[in-house]
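Working notes, structure below.
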Amino acid sequence: TRAAAMGRPRILPPPSPAWAAASPLAGRPPLPLLLLVLGSAPVAAQPTAPTSSEAPPKRTRPPPSFPLPPDVRPPGCNAEVADPDGRNFSDLKVSIIIPYRNEKWDHIKGSLESVLYYTPKKLLNEIMFVSDGNGPTNMYIHELRAMSRLVSLLVLPSPGVGLIEAKMRAVAGAAVNSEVLVFLEPHIRVNRQWLQPLLRRIRLYPKVLAMPALDPIPQDDFHKYYAGTPGHWRFEWNLNLVYTNPNEDSVQTSTPYPSPATSGGIFAIRRDWWNELAFYDHGMIGWGGDHIEATLKVWRCGGHIEIVPCSHIGHLFREPSHRPYSVEVNQVVRNYGRIAAVWMEDYMDYFYKVKGEAREMDFGNLTEAFAVKDRLQCKSMSWYLENVDPEMGWEKDHICVPGCSRQEHGDLCCEQAGYPGRSTIDRIMPKEEWRSATRPQFSSSRDEL
């Protein structure tokens, strides 16, 4: 059995009956896990001189062991950090959730140091690290425990469960009084006042999935930090994630704006909205697809996705060869196909056109996934293409496979070289067409749960 394969560690009971009642996993067979809530006196990091010309935040904690990142926020962000209800977000306590697997200690340490340095403690209930199948040499329990009493750990024994299941179990085990879930990755550096602008948008729009603007950290130098460029996240028809800038913006403003998709690993969301959307599909396995499901559920079932430019987080973008764990490609394609079968409706053939290997795959039982979609009364894929992602709508008539021979495979192959950074087209939607197709995606008034 799966439990036997993973061994049987000591299992601690849930913190309270409310934990189980609120859990989206209630009624499911339990997977062995070890939940540790750890605390000790904070251990100060060795200080280094700030590289920024501005005065550091007023904290008793010394600066982190890495160079402070540049302040890359656009002008006007001072107005984006206050609670519009005047409660200083006191009722929006946060659980930060950080899954990790075979991650370098320097990355984990730098991520946590930045969170502790740039986040008001009064906003946090906990910083939960989720060890997914790590061995004793890369679990770092004692090191994390020494850094802050806010740290808690959820330990999933070897061989682990994969990112999707790990996130679900983390939410089930998070502090019962946490109203907001913030997902981070173990190779990031948060920047100044990163959390407050996200909470402000959640205050105004309870059904928002709010993302920070992501700034690149080079995969070969975690101490460097560069300002990101304007744009938004979206999907190609093979459901690969891409970052595009259809309006060719060169300057970022402080105004939050809609994004057709979420990148999936770094975002904030209300816990009750997460539970209502029933994240994630229990039929998905391991890695790949949670960001697609989140995108389609949030946008099509009553909410919206935003990028909040006054919240900046540096993220180490790395190639697959630099990933510290292996991912089975066919398993990812199966997850993508499962999502497509539930959510793409009359557009499934466009997915198969560029993901032909998915045609013969068994996606498993989809009854529960369709039941959730029906319960939420979600809008159609046509609505999404017309109102949320007109780029994707335009691209369905320009799908092609770069690099294959039109003499052998016909019109499926691109007429010219694939467009840079893309895998299903050789051209992009003209800016003027995008502007004429774009319309407001949500009301300026507050939405309601």
Side-chain angles (χ1 to χ4, degrees), residues 50-54 64-75 77 96 98-100 103-115 117-119 163 182-195 197-198 210-236 240-254 256-257 259-268 287 291 295 305-325 327 419-423 428:
T51 59
S52 173
S53 59
E54 69 176 44
S65 59
F66 56 82
L68 296 181
D71 188 351
V72 295
R73 294 173 297 173
C77 285
I96 293 177
I98 307 178
Y100 66 106
E103 196 72 34
K104 293 180 180 179
W105 169 243
D106 285 348
H107 293 169
I108 295 175
K109 177 186 176 185
S111 301
L112 180 54
E113 280 185 335
S114 72
V115 171
Y117 189 66
Y118 281 126
T119 312
L163 184 62
V182 174
F183 293 90
L184 299 178
E185 297 189 357
H187 39 262
I188 54 95
R189 297 219 306 273
V190 303
N191 213 316
R192 298 153 180 79
Q193 296 183 317
W194 69 280
L195 182 55
L198 300 177
M211 294 185 296
L214 296 183
D215 302 314
I217 296 174
Q219 62 184 5
D220 58 353
D221 191 346
F222 192 60
H223 284 170
K224 292 183 179 178
Y225 187 112
Y226 299 103
T229 57
H232 61 210
W233 298 99
R234 48 175 300 269
F235 299 114
E236 296 189 88
N240 283 356
L241 182 70
V242 292
Y243 188 75
T244 65
N245 184 7
N247 200 42
E248 299 177 7
D249 294 318
S250 59
V251 178
Q252 188 75 274
T253 71
S254 62
Y257 58 93
S259 178
T262 173
S263 58
I266 301 175
F267 65 89
W287 287 264
H291 56 308
T295 291
I305 298 172
E306 285 185 351
I307 293 175
V308 184
C310 289
S311 173
H312 273 258
I313 294 180
H315 175 257
L316 191 148
F317 291 92
R318 54 192 176 194
E319 300 294 332
S321 59
H322 283 71
R323 190 185 296 136
Y325 50 84
V327 174
Y419 192 83
R422 306 297 298 275
S423 59
I428 61 172

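Sequence positions, counted from 1, serve as the residue numbers for this chain. Quantities reported herein were computed from a predicted structural model and do not represent experimental measurements.
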Problem set entry | Separation between CZ of Arg192 and SG of Cys77, rounded to the nearest 0.5 Å | 12.0 Å
Problem set entry | Ser311 side chain vs Pro212 backbone, donor-acceptor pair below 3.5 Å | no
For this session: Please check if the side chain of Thr262 supplies one atom and the backbone of His291 the other of a donor-acceptor pair under 3.5 Å.
Result: no
Problem set entry | Beyond-backbone contact of Ile108 with Tyr100, side-chain heavy atoms, under 4.5 angstrom | yes
Seminar exercise, completed: Rounded to the nearest 0.5 angstrom, the CD1-OG distance for Ile96 and Ser111 is 11.0 Å
Exercise. Considering all heavy atoms of both residues, which atom of Asp215 and which atom of Gly228 are nearest to each other, and what is their separation?
Worked result: OD1-N, 2.8 Å
Exercise. Checking side chain to side chain contact (heavy atoms under 4.5 Å, CB included) for the pair Ser65/Glu113: CA distance, chi angles, key distance, verdict?
Worked result: CA-CA 8 Å; Ser65 59; Glu113 280 185 335; 2.8 Å; yes
Problem set entry | Distance in Å, Leu316 CG paired with Lys104 NZ, rounded so as to fall on 0.5 Å steps | 8.5 Å
Exercise. Can you name the nearest heavy-atom pair linking Pro309 to Ser254, along with the distance?
Worked result: CD-O, 4.1 Å
For this session: Would you name the heavy atoms of Asn240 and Ser423 that are closest together and state the gap between them?
Result: ND2-OG, 3.4 Å
For this session: Report yes or no: does Tyr118 contribute a side-chain atom to a donor-acceptor pair with the main-chain N or O of Trp194 at less than 3.5 Å?
Result: no
Seminar exercise, completed: Output for pair (Leu198 CG, Ile307 CD1), nearest 0.5 Å, gives 11.5 Å
Exercise. CG/Leu214 to CZ/Phe317 distance, rounded to the nearest 0.5 angstrom?
Worked result: 5.0 Å
Exercise. Within the distance-only criterion (no hydrogens, no angle test), does the side chain of Asn191 pair as donor or acceptor with the backbone N or O of Pro70 below 3.5 angstrom?
Worked result: yes
Problem set entry | Glu319 backbone acceptor or donor facing Gln219 side chain under 3.5 Å | yes
Seminar exercise, completed: Met211 and Ile305 have their tightest heavy-atom pair at CE-CG2, 3.7 Å
Exercise. Which pair of non-hydrogen atoms, one from Ala227 and one from Val72, has the smallest distance, and what is that distance?
Worked result: CB-CG1, 3.7 Å
Problem set entry | Smallest separation among heavy atoms of Glu185 and Ile266, with atom names | CG-CG1, 4.0 Å
Problem set entry | Reported OG-to-OH distance for the pair Ser259 and Tyr243, which is rounded to 0.5 angstrom | 8.0 Å
Exercise. Between Trp233 and Thr295, is any pair of side-chain heavy atoms under 4.5 Å apart?
Worked result: no
Exercise. Heavy-atom distance under 4.5 Å between the side chains of Pro74 and His312, does that happen here?
Worked result: yes
Problem set entry | Stepwise side chain to side chain contact (heavy atoms under 4.5 Å, CB included) test for Ile313 and Leu184 | CA-CA 9 Å; Ile313 294 180; Leu184 299 178; 3.8 Å; yes
For this session: May I ask you to check whether His232 and Tyr257 place their ring centers less than 6.0 Å from one another?
Result: no
For this session: Check each of Arg318, Lys224, His107, Arg189 against Ile217 using the side chain to side chain contact (heavy atoms under 4.5 Å, CB included) test, and report the only one that passes.
Result: Arg189
For this session: Would you check, one step at a time, whether the test side chain to side chain contact (heavy atoms under 4.5 Å, CB included) holds for Phe66 with Ser114?
Result: CA-CA 9 Å; Phe66 56 82; Ser114 72; 3.5 Å; yes
Exercise. Checking Tyr225 side chain against Pro67 main chain: does a donor-acceptor pair fall under 3.5 Å?
Worked result: no
